[in-house]
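Heads up, the thing below is written out as structure tokens.
By convention in this document, chain letters (A, B, ...) are assigned in the order of the sequence lines, proteins followed by strands, and residues within each chain are numbered from 1. Worth saying up front: this structure is predicted, and the values here are computed from it rather than measured.
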Amino acid sequence: MTSQEIRQSFLDFFTSKNHKIVPSAPMVIKDDPTLMFTNAGMNQFKNIILGNDHIKYPRVANSQKCLRVSGKHNDLEEVGHDTYHHTMFEMLGNWSFGDYFKKEAIAWAWEYLTEVVKIDKDRLYVTIFEGAPDEGLERDTEAYEIWKQFIPEDRIINGDKKDNFWEMGDTGPCGPCSEIHVDIRPDSEREEISGVSLVNQDHPQVIEIWNNVFMQYNRKSDGTLTPLPKKVIDTGMGFERLCMTLQGKTSNYDTDVFQPIIQEIGKIAGLRYGDNEKVDIAMRVIADHVRTIAFSIADGQLPSNAKAGYVIRRILRRAVRYGYTFLNQHEAFMYKLTDVLCEVLGGAYPELIAQKTLIEKVIMEEENTFLHTLETGIKLLEKNLNEIKAKGEKVLSGHVAFTLYDTFGFPLDLTELILRENGLSVDIEEFNKEMQQQKERARNAAAVESSDWVVIREGETRFVGYDLNEVETNILRYRKVTQKNKTYFQIVLSDTPFYAEMGGQVGDSGTLSNAEETIEITDTKNENNLSVHIVNKLPNDLTGSFVAKINLDKRMATARNHSATHLVHEALREVLGTHVEQKGSFVSPENLRFDFAHYQRMTTEEIREVERIANRRIRENLIRNEMREIPIAEAQSMGAIALFGEKYGETVRVIQFGDSIELCGGTHVKATGDIGMVRIISESSIAAGIRRIEAITGEAVEDMIDKQQDVIATAKEFFKNTPDLVKAIQRSISENQDLRKQVDDFRHEKIMELRNRLIKEAKEVNGIKEIRVNTILPAEAVKTLAFQIKNMMNENLLVVIGSLFDGKPTLTVLLSDDLVEKGYNATALVREAAKHIQGGGGGQPFFATAGGKNPKGLDKAIQSIEL
RNA sequence: GGGGGAUUAGCUCAUCUGGCUAGAGCGUUUGACUGGCAGUCAAAAGGUGACCGGUUCGAGUCCGGUAUUCUCCA
């Protein structure tokens, strides 16, 4: 079976069991503060499991693209070294939300594996939870009894809490799980050692392929468990491992999922997979990582220097590093794999093909940037290396290695490699210590502690903010959050006009009041589809009814910016082309930011044109056409613009202004005329192939124009209200340049004259030509004078120049080179003489300066210097 | 969110612990050589050392702040 056929057979099987097949959610998660990437099939159902969302379909199944860069058995640093771990992988899963439970889940899992894809029953083992009496958790005998009907009892293995009890986090739904393991060793080996002893022992050919989680408890923050009202089945099967098993391979990387990519890497590097272990590891690393990178870019997550984008950047860099060291690729090469990637996965994931050009550009740019970083790092390392060698030492301090890593992004293993080549090593212990300290610092700064929700009354939030600015409401629940000495509260309301930060639009602020008091709501955030209102203080009485009211000025300003974003988006597509796709958006009351795919700098004319089109639409005063809850297919047939990497429900909200039609949950003006005017204030690049424009609307434009007019008016006044300001400034600048040059020339001439006079007047004392003078010159001129004299007569020369400039006396001493060789020192001379002007100074043996506080002593100081 | 670094000529970067008028390569311009192109040689132009403030006789260099950017941790 090909991987395509395997994926399809799973979905077909669960369709036949009345499951709804849902599409894969984006790999990058946007509204969950605890998670950056989809790391399991259940992520997109988290809201349902937590009870924040309605159950639309009690039975669903899908194939989900997942990303794991840390966690049990899966450190990023391990990927590639073995044959079965990945960063990105596909997870096949089926779910039941309060519908079927263990009996059906187990029976169907068995049926699929043994009858649909026909895995030899003798090769399968299962595990069940053995219980943890100290935590009051019972053995999962229920699962055991069900399994007994399918599989001999000696193949059912007890597992401990670590392997067989699943928890979403420190709190929340949890329960026992049951894993299915497959033994794919050759028969000869299986006869020698029984598979049962190798389950969960990290054997590469006795592996877990399917985990069935039976969520039946809810864990509270004090650790106690309560039964879950609606029990949940959550299963996940590693797609790549299933392919390996069914295709008779012993490595995931030997399946048709990875081999085409690996072959292509071999072609680029001129090496063959299978010849050399280190080369093989590098090829596996690159094949795995390039999938991750390409998918995240397609999902709208570009490599960057913070958060999720940074994780992607790190993964890309790890791949480049392996290519650099083991495949001898010192120039960008990974972007060349985009073609083959599209061939392998483009069928199941069309977003890859749609975003191909962008993926290529971004990867190439990132590769080049990192190769540059490596080059700088190597230079720095070599400098340190020479110092160590010069001192005759053998070990590079961990501190230096850490600085290279921490500040310059130079990877430790490369440091080690280069040191080894030079017969040196690095103090790893010290390195780890520094790393530990860094982690401590970050952890302390980021520690967030939230207590359990306190439920005042049951219910769900109803958002009324599209229609109302204030509403009567009740508090449903609240909790306290402590973060870095700051304490605040999160409140969930029964009805709210507050828009929670989402889709780039900032959350509303406003007030919550009852008869007695008014509480400030500082922000509104969206956590797992739950609108939480942030307040610094709780009302005294939480039970009564309240009026929730948004800050209308801010909301209106935000709406203007959001609607303007849509108009600008449309105008950009008209001016630049339809390749312009939204890659990010930020809408606040102050301004708007819009990131989009485009491959070159916008010209001033293009920016003007975009502004003109958008402003024309504003003047046309297009009425907002808002469609709530329309089926996504219908919206798309209207030509509504949807975003890659965005998760949409089956029904969506559509906002239309004329020809601009977008899927959007944000708040907008009633008609475009309300925007007033839009003005683009900057255009810049934020990544390869991505441009960013920032714009302002309404009053902010007025303010800007006012300010600019003030500047012009003031400037004009300086020029006696000249009609042609630009010309006046130009003339003034060129006049200024001319004058400056004249002054410079003049001053230079004066110094030359002074020099010539001084040289002529030089007195010879004991065979040394002495020049002493007291002048009024700036320090720079004095210096020039001294050096000029030296250039003319660099023999047996002593120059002493005193100068009173700007009320401060300074003293300068210069000696010719031969006197310095004889042991005279200008610094010593000037220090001694500076006592007369109550100052100090220094310099080099041939030239020194001093400054002081007493102008009256200047003459004395000049005369006091004797050789 | 927290730490560390960087910002010097159009570009890439030097300038060790404050001190000899801030240098190099590439690029630009000019000139010479060659029949032309390419090239070689020579010369020149090009700098508020990111910005603001402070310490000092003296700051690109030290300190504080701002901006931009890189990097590590979360």
Is the number of heavy atoms from other residues, nucleotides or ligands within 6.0 Å of CD (A:Glu753) greater than 12? yes
Comparing A:Lys790 with A:Glu440, nearest RNA chain B nucleotide closer to 5' gives the residue A:Lys790
Suppose you measure atom P in B:rU21 against the same atom in B:rC16; what distance do you get, rounded to whole Å? 14 Å
Categorize A:Arg441 for me: base, sugar-phosphate, or nothing, with a 4.0 angstrom heavy-atom threshold over every strand shown. sugar-phosphate
Check every strand shown and say whether A:Gly841 touches a base, only sugar-phosphate, or nothing at a heavy-atom separation below 4.0 Å. base
Check A:Arg321 with A:Glu77, please: is the shortest side-chain N to carboxylate O separation under 4.0 Å? yes
Rounded to the Å, how far apart are A:Lys525 NZ and B:rG1 C1'? 12 Å
Base, sugar-phosphate, or nothing: which does A:Gly842 touch, judged by heavy atoms less than 4.0 Å apart? base
Euclidean distance for C1', B:rG49 against B:rU61 (whole angstrom): 10 Å
Measure from the side-chain N and O atoms of A:Asn526 to the backbone N and O of A:Leu530, and report whether any donor-acceptor pair falls under 3.5 Å. yes
Quick one: A:Leu381 CG to B:rU71 P, roughly how many Å, whole number? 18 Å
C1'-based separation of B:rA14 from B:rC63 [nearest Å]: 25 Å
I'd like to know whether A:Leu396 forms a side-chain contact (heavy atoms from CB on, under 4.5 Å) with A:Leu381, so could you lay out the CA-CA distance, the side-chain angles of the two residues, the decisive distance to 0.1 Å, and finally the verdict. CA-CA 10 Å; A:Leu396 180 75; A:Leu381 182 55; 4.1 Å; yes
Would you find more than 12 non-hydrogen atoms of other residues, nucleotides or ligands less than 6.0 Å from A:Ile776 atom CD1? no
Spacing of A:His836 atom NE2 relative to B:rC57 atom P, expressed in whole Å: 18 Å
How many whole angstroms separate atom CZ of A:Phe408 from atom P of B:rG4? 14 Å
Just wondering, more than 12 heavy atoms not from A:Lys480 lying within 6.0 Å of its NZ? no
A:Phe37 to A:Asn43 - nearest heavy-atom pair and separation: O-OD1, 4.0 Å
For A:Phe805, does its backbone N or O pair with a side-chain atom of A:Thr810 as donor and acceptor, under 3.5 Å? no
Mark yes or no for whether A:Thr849, through its side chain, and A:Thr812, through its backbone, hold a donor-acceptor pair below 3.5 Å. no
Nearest to side-chain heavy atoms of A:Thr849, which nucleotide of B:rG2, B:rG19, B:rU71: B:rG19
Would one find more than 12 heavy atoms of other residues, nucleotides or ligands at under 6.0 Å from atom NE2 of A:His399? no
For A:Glu430 and A:Gly398, indicate whether the former's side chain and the latter's backbone hold a donor-acceptor pair under 3.5 Å. yes
Numerically ordered, the residues 396-406 of chain A set in heavy-atom contact under 4.0 Å with RNA chain B is A:Tyr405, A:Asp406
Dump the pairs, protein N or O against N or O of nucleotides 12-15 of chain B, anything under 3.5 Å, distances to one decimal.
| residue | atom | partner | partner atom | Å |
| --- | --- | --- | --- | --- |
| B:rC13 | OP1 | A:His372 | NE2 | 3.2 |

Presence of A:Lys853 side-chain N/O under 4.0 Å of B:rU56 phosphate oxygens OP1/OP2: no
Compute whether any side-chain donor of one residue and acceptor of the other, for A:Asp427 and A:Ser397, lie under 3.5 angstrom apart. no
Strand-adjacent residues in residues 810-834 of chain A, judged by heavy atoms under 4.0 Å from RNA chain B: none
Protein-nucleotides 61-69 of chain B N/O pairs under 3.5 Å:
none

With the side chain of A:Thr784 defined as its heavy atoms from C-beta on, choose the nearest nucleotide among B:rG2, B:rU21, B:rU71. B:rU21
Presence of salt bridge, A:Glu501 and A:Lys525, under 4.0 angstrom: yes
Rounded to whole Å, how long is the line connecting atom CZ of A:Phe431 with atom C1' of B:rG4? 13 Å
Write down the distance separating the P atoms in B:rU66 and B:rG1, rounded off to the nearest Å. 14 Å
Rounded to whole Å, CG of A:Leu804 lies from P of B:rC57 at a distance of 16 Å
Figure out the CZ/C1' separation between A:Phe410 and B:rC70, and round it to whole Å. 16 Å
Rounded P spacing from B:rA44 to B:rG53 in Å: 36 Å
If the plane angle is over 60° it's perpendicular, under 30° parallel, otherwise tilted; pick one for A:Tyr322 and A:His81. perpendicular
If the threshold is 4.0 Å, N to carboxylate O, is there a salt bridge linking A:Glu78 and A:Arg318? no
Can you identify which nucleotide, out of B:rU21, B:rA74, B:rG5, has its nearest atom closest to the A:Thr407 side chain? B:rG5
Using atom C1' in both nucleotides, what's the gap between B:rC13 and B:rU55 to the nearest angstrom? 30 Å
Cationic tip of A:Arg593 above A:Phe586 ring, under 6.0 Å, 45° of axis: yes
On the side chain of A:Gln438, is there an atom forming a donor-acceptor pair with the base of B:rG2 - under 3.5 Å, no angle test? yes
Distance, rounded to the nearest Å, where A:Phe847 contributes CZ and B:rU21 contributes C1': 9 Å
Is there a side-chain contact between A:Asn825 and A:Val820, using heavy atoms and a 4.5 Å cut-off? no
Would A:Arg691 and A:Glu683 pass as an ion pair if we require N to O under 4.0 Å? yes
What nucleotide among B:rC73, B:rU71, B:rU21 has an atom nearest to a side-chain atom of A:Arg313? B:rU71
Given B:rC20, B:rC57, B:rC73, which nucleotide is nearest the side-chain atoms of A:Lys808? B:rC57
Do A:Arg692 and A:Glu694 meet the salt-bridge criterion of a basic N to acidic O distance under 4.0 Å? no
Just to be sure I follow the notation: if a pair is Watson-Crick (purine N1 to pyrimidine N3 plus N6-O4 or O6-N4) or a G-U wobble (N1-O2 and O6-N3), each under 3.5 Å, what dot-bracket string does RNA chain B give, with | for pairs to another strand? (((((((..((((.....[...)))).((((((.....)))))).....(((((..]....)))))))))))).
Are A:Tyr405 and A:Phe431 an aromatic pair, judged by ring center distance below 6.0 Å? yes
Work out how far the P atom of B:rU68 is from that of B:rA24, and round it to whole angstrom. 34 Å
Within residues 855-867 of chain A, residues whose heavy atoms come under 4.0 Å of RNA chain B: none
Do A:Leu867 and A:Leu829 come within less than 4.5 Å of each other through their side chains, counting heavy atoms only? yes
For A:Gly839, which contact category applies under a 4.0 Å heavy-atom criterion: base, sugar-phosphate, or nothing? nothing
Using the C1' atoms only, state how far B:rG60 lies from B:rG19, rounded to an integer number of Å. 13 Å
